[in-house]
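Since the structure comes first, as structure tokens, the remarks are kept for the end.
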Protein chains: 2
Amino acid sequence: MTAALMDGTAVARRSLDDTRTRVSAYRETTGRTPRLATVLVGDDPASHTYVRMKVNRCRQVGIDSLRRDLPAESTTAQVVATVDELVADESVDGILVQHPMPGHIDERAVFDAISRGKDVDGVTANAFLDMANGHEETFASCTPAGIVALLDAYDVPLSGKHVVVIGRSSILGKPAALMLLGRDATVTICHSKTRGLAQFVSEADIVVAAVGRPELIRGEWIKPGAVVIDAGYNEGNVGDVAFGPAAERARLITPVPGGVGPMTIAMLLAQTVSAAEQRES
Amino acid sequence: MTAALMDGTAVARRSLDDTRTRVSAYRETTGRTPRLATVLVGDDPASHTYVRMKVNRCRQVGIDSLRRDLPAESTTAQVVATVDELVADESVDGILVQHPMPGHIDERAVFDAISRGKDVDGVTANAFLDMANGHEETFASCTPAGIVALLDAYDVPLSGKHVVVIGRSSILGKPAALMLLGRDATVTICHSKTRGLAQFVSEADIVVAAVGRPELIRGEWIKPGAVVIDAGYNEGNVGDVAFGPAAERARLITPVPGGVGPMTIAMLLAQTVSAAEQRES
């Protein structure tokens, strides 16, 4: 292996340390503690685990949390009403709506009920538009923001570089592509209908794999010296990139797990403190 | 010249004919006439010309129009109030806010005051998000929608094709890229910071030039047999593509003018009738 690892766990830990410091300073200045509200609908075990992880991390950095767990049979109107209450609640700085929600719920209506200042997960339509246009008045979607933060932590230049994003999901591939475009990369978006994926990948200075298919990206496709971000998660801790062979050619590569994953919560908590700070300013 | 012309004027005329037929049918069924409201702020001569062109085209296909011309010194709140009135006005089916508006106006606040059903120019944040995600509940931004309609009119296959978009503006390059991605093209977005633009263009099955720099795209860069959409407009009726040499290599190419330009108003009016029809359904 010739590539150096991009250690998301370590970068996330530094970010969480920084957040903890900011929380303390905020508390000293204002006398109050930043608070993240979570909204969870239904009984999906994975969603429960994610919310619990987020609440635990909040505690570790000194952020309060407020859970709103709603039954699976809740209507869209009921979930929206809960979000409305949290928007009105002066003690709440940020709102995280865990998704996916049960299929009968209009997720978009729920997301767009979150106010701009409390949308620390970057899920409103305005947040998406701002991100697409490089405006920073709203908060970014946490996983793509984590990818950019990880690249920045390793001083990977983005301007003028060719980034190939594999995957076009609305919560990962597309926002990652748009954020990297905003950082002046030339961006190609590939997906299941792309012909000649190997050729596209082989031309990339930076590969962002975000497709959720185990080892779809083969190591020999990677351009020597490229940077490889594997945001895929597949059963058995396997990423979207064949790690071993890719690490023979890449300059920098993320492990799975321990690459992009830990960055997501770190971004969420950093943005929650920012939301609290911005309310005071 | 070996390329065939993509005659936007002719395609737009067919679209307008179709719209006129739909307007008649709508009037017979409902007893009322579809109406487009235009909002124009200030004295910019080009903006006045654009609004006048749109109003004239409305008349030609039987759509009523309602002009709201506001002084240049109007505040954001005043322009939003005008939009709010038009949203509430039962006689109005679609709202077009001519932009750019004077610099002191918060365009985003004005755009987002337009209701989903009346946003026939596709300028709200929700319209952008829906377009990015391939949802068709809202109306598309008219110029990128016109590009896709022109490609469809010439039966250009998009799925799996490599589209290179040059330009990343929020009203043209980015939405065009996202719409073509939604049609299963593999999309590369190039811009002023791109290195090796010639190489990217030479690999494109379809080139969409939307950058506003006269003849930036040289004919010899075009892959033989490619399709070239020139959405650029520069003084002296010059596009972003060097037309003559490009036409020697392309299979299909848009003229400037008479390519993308006429499609924009045609899409606007088609979407206005759709807005009226959807209110009845």
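Protein chains get the first letters and strands the later ones, always in sequence-line order, with residue 1 at the start of each. Side chains included, hydrogens not; waters and symmetry mates left out as well; all remaining heavy atoms used.
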Could you pull out every donor-acceptor pair under 3.5 Å between chain B and chain A?
| unit_1 | atom_1 | unit_2 | atom_2 | d |
| --- | --- | --- | --- | --- |
| B:Ala132 | O | A:Lys174 | NZ | 2.6 |
| B:Ser159 | O | A:Arg195 | NH2 | 3.1 |
| B:Arg168 | NH1 | A:Leu181 | O | 2.8 |
| B:Arg168 | NH1 | A:Asp184 | OD1 | 2.9 |
| B:Arg168 | NH2 | A:Asp184 | OD1 | 2.8 |
| B:Lys174 | NZ | A:Ala132 | O | 2.5 |
| B:Leu181 | O | A:Arg168 | NH1 | 2.8 |
| B:Asp184 | OD1 | A:Arg168 | NH1 | 2.8 |
| B:Asp184 | OD1 | A:Arg168 | NH2 | 2.7 |
| B:Asp184 | OD2 | A:Lys193 | NZ | 3.3 |
| B:Ala185 | O | A:His191 | NE2 | 2.7 |
| B:Thr186 | OG1 | A:Thr194 | OG1 | 2.7 |
| B:Val187 | N | A:Ile189 | O | 3.4 |
| B:Val187 | O | A:Ile189 | N | 2.8 |
| B:Thr188 | OG1 | A:Thr188 | OG1 | 2.5 |
| B:Ile189 | N | A:Val187 | O | 2.8 |
| B:Ile189 | O | A:Val187 | N | 3.4 |
| B:His191 | NE2 | A:Ala185 | O | 2.7 |
| B:Lys193 | NZ | A:Asp184 | OD2 | 3.3 |
| B:Thr194 | OG1 | A:Thr186 | OG1 | 2.7 |
| B:Arg195 | NH2 | A:Ser159 | O | 3.0 |

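For A:Leu178, the part lying near chain B is the side chain, with the backbone staying farther off; criterion is any non-hydrogen pair under 4.5 Å. For A:Ala127, no part lies under 4.5 angstrom from a heavy atom of chain B.
When each of A:Cys190, A:Ala132, A:Gly196 is scored by its heavy-atom pairs under 4.5 Å with chain B, the top score falls to A:Ala132.
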